[in-house]
Amino acid sequence: MSLTRQFKPDPDGYPVRGLAVTYPDGHWLDTHIHPWAQLVYAASGVMQVTTPGAAWLVPPTRAIWVPGGTPHGIRMRGAVAMRTLYLSPVDPDARLADCRALEVGPLLRELILHIVRLGMLTLEAPGEQHLANLLIDLLAAEETAPYALPLPSDPRARAFADRLLAQPGDTTSLAELAQGSGASLRTLQRLFLKETGRPLEVWRGRVRMQQGMVSLSGGAAVTSAALDAGYQSPSAFIAAFKRAFGVTPARYRARAA
């Protein structure tokens, strides 16, 4: 398949662009939208990517595919070396029609970094055509990571969700956190179940598991990851992590390394 069939170049003739930029801890790229699809990836550091319907924490072992026209915001957790790609696929694989988390294998990682070093891919260079085609093939074939966290649409519930996402290790009870939120705990519980399909307690548990996963991806010991995720007992964290992801924290940490 030729590049011209897979991509529609911009007015300058570039169907794929790479961007390398380092952001400090806490930096926030406010919710924005652009016509190009984006592969959100960081060579180091952790990003929180938020769309209207879901949120992800993105360690260096995975990336988020954001189709063109999708509003999204990105918050940095620690210093982040972002290595992101912007693409204009005409008719991408059906698996790239929606936002999804992708496991980033060694070949895809090296391809992303190589394209970022090049800066742009052109239609005229045959070698760059092959790189772009390979990129789409790899993005479509990579395993989808089951880490999307659905977000409620009700403003009160969404604000509460954002608060939990910002401080996943907070051990304050849900009842205490609900005070001053504009809704009672019972109302929030009803909204979360209705709009995310998960009880509020389960939803918060998933936020904590995401944080634990991110800590482990960064090389943290299991005990430290448990504390980061709001668990005082490493054994409770290990059991919850295995229930959520089907693997123990120690094995996940070794795999990420």
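In this chain, numbering begins with 1 at the start of the sequence shown. FYI, side chains are in, hydrogens and waters are out, and symmetry mates aren't considered; it's all heavy atoms of this structure.
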Give the C-alpha distance, both sets of side-chain angles, the deciding distance and a yes or no for side chain to side chain contact (heavy atoms under 4.5 Å, CB included) between Leu118 and Leu121. CA-CA 7 Å; Leu118 292 176; Leu121 300 184; 3.8 Å; yes
Using the rule given for side chain to side chain contact (heavy atoms under 4.5 Å, CB included), can you reason through Thr171 versus Gln232, listing the C-alpha separation, both sets of side-chain angles and the distance that settles it, and then say yes or no? CA-CA 9 Å; Thr171 58; Gln232 301 303 312; 4.0 Å; yes
What's the verdict on side chain to side chain contact (heavy atoms under 4.5 Å, CB included) for Phe237 and Met209, showing C-alpha distance, side-chain angles and the deciding distance? CA-CA 8 Å; Phe237 171 71; Met209 287 299 97; 3.8 Å; yes
Arg158 and Asp162: CA distance, side-chain angles, deciding distance, salt bridge (charged side-chain N to carboxylate O under 4.0 Å, His left out) verdict: CA-CA 6 Å; Arg158 177 58 185 268; Asp162 289 342; 3.2 Å; yes
Please evaluate residues Leu165 and Gln48 with respect to the criterion side chain to side chain contact (heavy atoms under 4.5 Å, CB included), reporting the C-alpha separation (whole Å), side-chain torsions for both, the decisive distance (0.1 Å), and the verdict. CA-CA 9 Å; Leu165 284 168; Gln48 178 185 309; 4.1 Å; yes
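For Arg156 against Ala183, the heavy-atom pair with the smallest separation is CD-CB, 4.0 Å. When all heavy atoms are compared, the tightest approach of Ala101 to Arg62 is CB-CD, 4.4 Å. Between Pro59 and Val46, the shortest heavy-atom contact is CA-CG2, 4.3 Å. The shortest heavy-atom contact between Ala161 and Pro152 is CB-CD, 4.0 Å. For the residue pair Ser224 and Ala220, the shortest heavy atom distance occurs at CB-CB, 4.2 Å. Heavy-atom minimum distance, Pro168 versus Val207: CB-CG1, 3.6 Å.
Rounding to the nearest 0.5 angstrom, the gap separating the CZ atom in Arg75 from the NE2 atom in His27 is 10.0 Å. Considering CG of Asp170 and CZ of Arg204, their distance stands at 6.0 Å, rounded to 0.5 Å. Distance check: Arg190 CZ to Ser184 OG gives 8.0 Å after rounding to the nearest 0.5 Å. Going from atom CG of Leu131 over to atom CG of Leu135 covers 8.5 Å, rounded to the nearest 0.5 Å. Atom CD1 of Ile74 is separated from atom CD1 of Ile64 by 9.5 Å, given to the nearest 0.5 angstrom. Separation of atoms CH2 (Trp65) and CG (Leu96) is listed at 5.0 Å; rounding is to 0.5 Å.
Side-chain contact between Leu174 and Phe160: present, with at least one pair of heavy atoms (C-beta onward) separated by less than 4.5 Å. Side-chain contact between Leu85 and Tyr41: absent, with no pair of heavy atoms (C-beta onward) separated by less than 4.5 Å. In this structure, Tyr252 and Phe245 have side chains that are not in contact, with every pair of non-hydrogen atoms separated by 4.5 Å or more. In this structure, Leu193 and Arg198 have side chains that are not in contact, with every pair of non-hydrogen atoms separated by 4.5 Å or more. In this structure, Arg100 and Leu102 have side chains that are in contact, with non-hydrogen atoms separated by less than 4.5 Å. The closest side-chain heavy-atom distance from Met82 to Thr22 is not below 4.5 Å.
For Ser88 (side chain) and Pro15 (main-chain N/O), a donor-acceptor pair under 3.5 Å exists by modelled atom type. In terms of modelled atom types and a separation under 3.5 Å, the side chain of Trp203 and the main chain of Pro150 share a donor-acceptor contact. Without hydrogens or angle criteria, Gln189 side chain to Leu200 main chain gives no donor-acceptor distance under 3.5 Å. Thr196 places a side-chain N or O within 3.5 Å of a backbone atom of Phe192 that can act as its donor or acceptor partner. Between the side chain of Gln210 and the main chain of Trp56, no donor-acceptor pair closer than 3.5 Å is present. At least one donor-acceptor pair closer than 3.5 Å links the side chain of Thr84 to the backbone N or O of Leu39. With hydrogens and angles disregarded, a donor-acceptor distance shorter than 3.5 Å links the side chain of His72 to the backbone of Thr70. Between the side chain of Arg253 and the backbone N or O of Gly219, at least one donor-acceptor pair lies under 3.5 Å.
With hydrophobic clusters built from ILVMFWY side chains whose heavy atoms lie under 4.5 angstrom apart, Val80 does not share a cluster with Leu57. Transitive grouping of hydrophobic side chains (ILVMFWY, heavy atoms separated by less than 4.5 Å) keeps Val214 and Val40 in distinct clusters. Connection of Leu29 to Val21 is established within a shared hydrophobic cluster, with ILVMFWY side chains joined at heavy-atom distances below 4.5 Å, either directly or through further cluster members. Hydrophobic clustering (side-chain heavy atoms under 4.5 Å, transitive across Ile, Leu, Val, Met, Phe, Trp, Tyr) keeps Met213 apart from Leu227. Both Tyr86 and Val49 are part of a single hydrophobic cluster, where members link through side-chain heavy atoms under 4.5 Å apart.
Donor-acceptor pairing under 3.5 Å is recorded for the side chains of His34 and Gln38. A donor-acceptor contact closer than 3.5 angstrom links the side chains of Arg77 and Gln211.
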